[in-house]
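Worksheet for the structure shown next.
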Amino acid sequence: MSRSPSQDLDEHADALPRQQRTYSIGELARMFEVTPRTIRFYEQEGLLAPSRQGQKRIYREKDRVRLKLTLRGKRLGFSLAEIREVVMMYDAMPDGNARQLKRLLEILEEKRANLDRQMEDIRLMRLEIDDVDQRARDVLRQLGETS
DNA sequence: ATTCTTACA
DNA sequence: TGTAAGAA
């Protein structure tokens with residue numbers, strides 16, 4: 001579970017240079033510390049859809065963000081299917097169809113509810129850990145005073 | 001040197 | 001997902 005403490009915290013680093021730079025599978029693999037195999041695998045699973053220049057895969061900013069979301073989802077323990085839903089929503093926005101947008105809003109609210117529930121669970125879990133930590137320290141202190 | 005596909009552990 | 005093999 002080794003992870004570089006920055007990779008995932010540049011949410012807004014791609015605010016403007018949206019669809020300019022392109023990346024090779026190797027470059028993306030290096031910047032996210034995964035192997036090209038992993039990236040091709042996610043493509044098979046439908047989480048990535050890079051354009052091609054012949055056989056070579058060409059990744060754009062959009063793809064980089066997708067990969068970022070995918071890896072984050074993996075870290076959070078989401079299934080590929082769940083990650084796919086989020087990733088799909090990320091770029092299912094372009095058209096301005098009112099009905100479709102309202103539908104998207106419903107889905108987003110549902111996802112938001114799930115996330116809130118998870119956050120609460122995580123908060124409680126964190127409390128549990130703090131509790132065990134405290135008790136462990138207490139026991140340790142006891143042992144120290146005794147011996 | 002890199003990437004691609006396919007297949008198997 | 002890793003690794004291997006052969007092609008581009």
Side-chain angles (χ1 to χ4, degrees), chain A residues 1-140:
Chain A
M1 284 300 218
S2 58
R3 204 78 58 186
S4 294
S6 62
Q7 246 72 300
D8 208 336
L9 302 176
D10 59 336
E11 315 296 311
H12 308 99
D14 54 280
L16 291 178
R18 182 162 296 177
Q19 215 158 316
Q20 311 307 307
R21 197 350 184 358
T22 63
Y23 311 84
S24 67
I25 193 171
E27 295 178 316
L28 274 187
R30 287 194 295 275
M31 57 172 81
F32 286 107
E33 296 182 281
V34 297
T35 64
R37 176 74 175 83
T38 299
I39 297 177
R40 297 196 189 95
F41 176 69
Y42 291 156
E43 180 180 336
Q44 275 192 291
E45 299 307 300
L47 287 71
L48 253 36
S51 57
R52 302 300 187 84
Q53 184 173 41
Q55 286 270 282
K56 268 70 175 182
R57 273 167 258 250
I58 301 300
Y59 300 86
R60 302 169 188 299
E61 290 302 315
K62 176 185 175 185
D63 302 306
R64 188 180 64 71
V65 174
R66 276 194 172 200
L67 178 56
K68 182 170 63 178
L69 293 176
T70 297
L71 294 173
R72 176 190 297 154
K74 183 192 65 179
R75 288 195 296 274
L76 295 178
F78 287 106
S79 67
L80 289 181
E82 296 174 315
I83 295 174
R84 188 157 20 195
E85 290 186 87
V86 177
V87 170
M88 292 288 261
M89 285 187 253
Y90 171 72
D91 49 23
M93 274 271 59
D95 65 307
N97 181 291
R99 269 180 304 175
Q100 200 176 324
L101 288 178
K102 289 187 176 183
R103 173 50 182 158
L104 175 59
L105 254 33
E106 297 184 335
I107 296 176
L108 292 179
E109 192 166 313
E110 184 185 314
K111 298 305 171 189
R112 187 143 40 208
N114 290 329
L115 290 176
D116 285 345
R117 187 170 56 195
Q118 290 183 297
M119 285 186 117
E120 177 61 2
D121 286 343
I122 290 177
R123 188 181 70 77
L124 296 177
M125 202 81 82
R126 202 272 161 66
L127 256 34
E128 297 290 310
I129 290 176
D130 289 345
D131 182 52
V132 177
D133 178 289
Q134 188 53 250
R135 286 195 279 173
R137 290 174 187 287
D138 289 343
V139 175
L140 212 50

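Lettering follows sequence order; numbering is per chain, from 1. If you're wondering where the values come from, they're calculated on a predicted model, not measured in any experiment.
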Quiz item: With sequence neighbours excluded, what pairs up with A:D121 under the salt bridge (charged side-chain N to carboxylate O under 4.0 Å, His left out) test?
Solution: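 None.
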(Q) According to salt bridge (charged side-chain N to carboxylate O under 4.0 Å, His left out), who are the partners of A:E45, at least two apart in sequence or on a separate chain? (A)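 None.
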Taken in chain and number order and not counting sequence neighbours, the residues that satisfy side-chain hydrogen bond (donor to acceptor under 3.5 Å, both in side chains) with A:R137 are A:D133
- Message: According to side-chain hydrogen bond (donor to acceptor under 3.5 Å, both in side chains), who are the partners of A:R52, at least two apart in sequence or on a separate chain?
- Response: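 Once residues adjacent in sequence are excluded, the partners of A:R52 under the side-chain hydrogen bond (donor to acceptor under 3.5 Å, both in side chains) criterion are A:E43.
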**OP:** Taking heavy atoms of chain A and a 4.0 Å limit, find me the 5'-most and 3'-most nucleotide of DNA chain C within that range.
**Re:**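 Span of nucleotides near chain A: C:dT1 to C:dT3.
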Per-nt protein contacts along nucleotides 3-9 of chain B (heavy atom under 4.0 Å; B base, S backbone sugar-phosphate only, - none) come out as SSB----
**Request:** For A:R126, check side chain to side chain contact (heavy atoms under 4.5 Å, CB included) against everything at least two apart and list the hits.
**Result:**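 By the side chain to side chain contact (heavy atoms under 4.5 Å, CB included) rule, A:R126 matches A:D130.
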Residues passing the side chain to side chain contact (heavy atoms under 4.5 Å, CB included) test with A:A98, sequence neighbours excluded, are none
Please table the atom pairs, donor to acceptor, closer than 3.5 Å between any side-chain atom in residues 100-109 of chain A and protein atoms at least two apart or in another chain.
residue, atom, partner, partner atom, Å
A:R103, NH1, A:E106, OE1, 3.1

